[in-house]
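A quick write-up on the structure given underneath.
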Amino acid sequence: MVEITGTTQLICLLGSPVAHSVSPAMHNMAFSLLGLDYAYLAFEVGETQLAEAVKGLKLLNARGWNLTMPNKTKMCELVDELSPASQLMEAVNTVVSENGVLKGYTTDGSGYMRMLREYGVDVIHKKMVLAGAGGAARAIAIQAALDGVAEIVIFNRSLDKAVKIADDINRHTGCIASAYSIADTAQLSKALESAALFTNATQIGMAPRSGQSVIEDKGLLHPGLVVSDIVYNPRETKLLKMAEEQGCKTVGGLGMLLWQGADAFKLWTGHEMPVYDVQNKYFK
Ligand code: NAP
């Protein structure tokens, strides 16, 4: 447990809901293991209270904070500086306060890419197929493009959102991106044939609708394909079960959660999170 003293600096999570979040446990364990003088708390703060909460945290000289739903977009307007990735993603999930000067970052995408490296999945200079165009999908697609993925094909229910991400990638990075409706199974089948990685970044498969999969025909999944699902409740989604049956390597959603936290931890403290201790305790 973190020993709180007169010099302990506050780091927190601002979102709604936050009661289920594993972030306080993960960061406090890491502070404690490394003997760092920080404490992490979660605060129930919605979008309409965000500006006031940020003002209060600045006044108290908090070291930084994480943002979760629904605050990631709104936070962009409230920081003094945005990282280049955050600018493109139009989202901030981590703020570092340097004596009241607020710097905004997004570690969702970097955490996802770091997690792939940790699992030995190499997608750089290769083709990736992504389902989803919400906040998480946008962060993953843009970071993947910035990191050197050669081609990204995005499928989403609302096509306009997928098209916007593809346009932004094509305009600002060297990656080639295209977008289709998720209902276009012919294009999905074609895209998957030559892809190294398929990622589900939609809510499909998440409890209580864990009987659903974003891909219904498991024949589309070939053994050379790595299949990753960022949904982590349940730990093994229907999509991942189908992919395993097809002989694909699979990667679950907990790794992204862990590594986005590790990247934020480094931004606040300058230290590497003791990821494997945290993983053994909270992510098994
Ligand atoms: P979001 O911004 O609300 O986006 C939701 C995405 O799911 C959109 O692409 C949406 O399509 C799609 N979708 C939702 N219901 C659908 C349905 N019935 N049929 C087809 N598509 C549907 O949410 P988000 O923040 O990106 O999160 C997406 C998922 O990722 C959630 O399950 C969340 O728990 C998970 N997540 C995991 C991590 C992690 O660390 N592992 C981090 C962030 C998020 P439309 O655009 O058409 O609405």
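Atoms within each ligand, like the ligands themselves, are counted from 1 in listed order.
- Here the heavy atom of the protein found nearest to atom 25 (O) of ligand 1 is A136 N, 4.0 Å.
- Between W259 and Y276, the ring-plane angle classifies as perpendicular under the 30° and 60° cut-offs.
- More than 12 heavy-atom neighbours from other residues, nucleotides or ligands sit within 6.0 angstrom of CG on L36.
- Between S158 and ligand 1, at least one pair of N/O atoms sits closer than 3.5 Å.
- Those atoms of ligand 1 with a heavy atom of V231 less than 4.0 angstrom away are 32 (O).
- Among T73, T202, I230, I154, the residue whose heavy atom sits closest to atom 6 (C) of ligand 1 is T202.
- Within the structure, ligand 1 has I204 among the residues with a heavy atom less than 4.0 angstrom away.
- At least one N/O-N/O distance between Q203 and ligand 1 falls below 3.5 Å.
- Atom CD1 of I230 and atom OG1 of T202 lie 8.5 Å apart (nearest 0.5 Å).
- Of the protein's non-hydrogen atoms, the one nearest atom 4 (O) of ligand 1 is G134 CA, 3.3 Å.
- Considering both main-chain and side-chain atoms, N156 comes within under 3.5 Å of ligand 1 through a nitrogen or oxygen pair.
- A tilted orientation is assigned to the rings of Y38 and F31, their planes being inclined by 30° to 60°.
- The pair R138-D108 fails the salt-bridge criterion, with no side-chain N (NZ, NE, NH1 or NH2) lying under 4.0 Å from an Asp/Glu carboxylate O.
- Taking atom 32 (O) of ligand 1 as the reference point, the nearest protein heavy-atom neighbour is M206 SD, 3.0 Å.
- Polar contact with ligand 1: present for G135 (N/O pair, distance under 3.5 Å).
- Within ligand 1, the atoms closer than 4.0 Å to a non-hydrogen atom of A201 are 28 (C), numbered from 1 in the order shown.
- Summarising the geometry of T107 relative to Q260, their closest heavy-atom pair is OG1-O, 2.9 Å, with the distance given to 0.1 Å.
- Counting only N and O atoms by type, the side chains of S16 and E44 include a donor and acceptor under 3.5 Å apart.
- Checking S110 against Y105 by side-chain atom types alone, no donor-acceptor pair falls below 3.5 Å.
- With R157, Q212, M256, K161 as candidates, the residue nearest to atom 22 (C) of ligand 1 on a non-hydrogen basis is R157.
- In summary, the atoms of ligand 1 found under 4.0 Å from a heavy atom of G132, numbered by their order in the structure, are 9 (O).
- Here T106 contributes atom OG1 and I140 contributes atom CD1; the two are 12.0 Å apart, rounded to the nearest 0.5 Å.
- For a threshold of 3.5 Å applied to N or O pairs, the pair formed by G253 and ligand 1 contains at least one separation below that value.
- The closest heavy-atom contact to atom 40 (O) of ligand 1, among the options L257, L254, N200, T68, comes from L257.
- Side-chain N/O atoms of S228 and Y112 include a donor and acceptor closer than 3.5 Å.
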